[in-house]
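Here the structure is laid out as structure tokens; the discussion comes afterwards.
Quick caveat: nothing in here was measured; it's all calculated off a predicted structure. When a ligand or atom number is given, it counts from 1 through the structure's own listing order.
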Amino acid sequence: MENCLFCNIAGGKIPSEKVYEDEVCYAFQDIAPQAPVHFLVIPKAHIPSVSAVTAENSGTVAHIFTVIAKLAKEQGLESYRVVSNVGEQAGQTVFHLHFHVLSGRDMAWPPG
Ligand code: 5GP
Ligand code: ZN
């Protein structure tokens, strides 16, 4: 999608600090990290949020989770949090599906 920030980041039109890339997904450092480790994993195809996940595109989401597990292992993360905000009230500000991977500090539960 032309005017989507994360489509443009995945397509290399807007610079980002790459963590990982394959044909299906792109991982990069969050510009405003909320923990010592904070990167985002996004599908290259535009999916607005978790609420737009269907039987047709769920393979992409499954793949992203295998990538998250691999990256966490490679980075030696023993404890981490995977978050996807859906909708404004939950804190979603970019309407292209993304999974936050956060680690390196104590985290509260329930979240604020
Ligand atoms: P959300 O608020 O939608 O759950 O998460 C969006 C995330 O994208 C935020 O953590 C925010 O810091 C990050 N972000 C927003 N704009 C940019 C950008 O231009 N580059 C990068 N690397 N991260 C961004
Ligand atoms: Zn997009």
| task | Say whether His38, considering both its backbone and side-chain N or O atoms, lies within less than 3.5 Å of an N or O atom on ligand 1. | result | no
| query | Are Ser16 and ligand 1 in contact, using a heavy-atom cut-off of under 4.0 Å? | reply | no
| message | Please give me the minimum heavy-atom distance between Leu40 and Phe6, naming the atom from each residue. | response | CD1-CZ, 3.7 Å
| query | Would you say the ring centroid of His100 lies under 6.0 angstrom from that of His98? | reply | yes
| message | Taking 4.0 angstrom as the limit and counting only heavy atoms of His100, give me the atoms of ligand 1 inside it, by number and element. | response | 1 (P), 4 (O), 5 (O), 7 (C), 10 (O)
| request: May I ask you to check if ligand 1 and Gln92 share an N or O to N or O distance below 3.5 Å? | output: no
| By number and element, which atoms of ligand 1 are closer than 4.0 Å to a non-hydrogen atom of Leu40? | 8 (O)
| task | Show which atoms of ligand 1 fall inside a sub-4.0 Å distance from at least one heavy-atom site of Phe28. | result | 21 (C), 22 (N)
| Rounded to 10°, how big is the angle at the Zn ion (ligand 2) from Cys4 SG to Cys7 SG? | 120°
| Touching ligand 1 at all, Phe6? Heavy atoms, strictly under 4.0 Å? | yes
| task | Compare every heavy atom of Asn85 with every heavy atom of Val83, then report the nearest pair and how far apart it is. | result | CG1-OD1, 3.5 Å
| remark: ligand 1 atoms nearer than 4.0 angstrom to some heavy atom of Leu5 are 16 (N), 17 (C), 19 (O)
| query | Nearest heavy-atom pair of Tyr20 and Cys25: which atoms, and what distance? | reply | CE2-SG, 4.0 Å
| For His96, what is the atom name of its N, O or S atom nearest to the Zn ion (ligand 2)? | ND1
| task | Say whether Ile9 and ligand 1 are in contact under the criterion: heavy-atom distance to a ligand atom below 4.0 Å. | result | yes
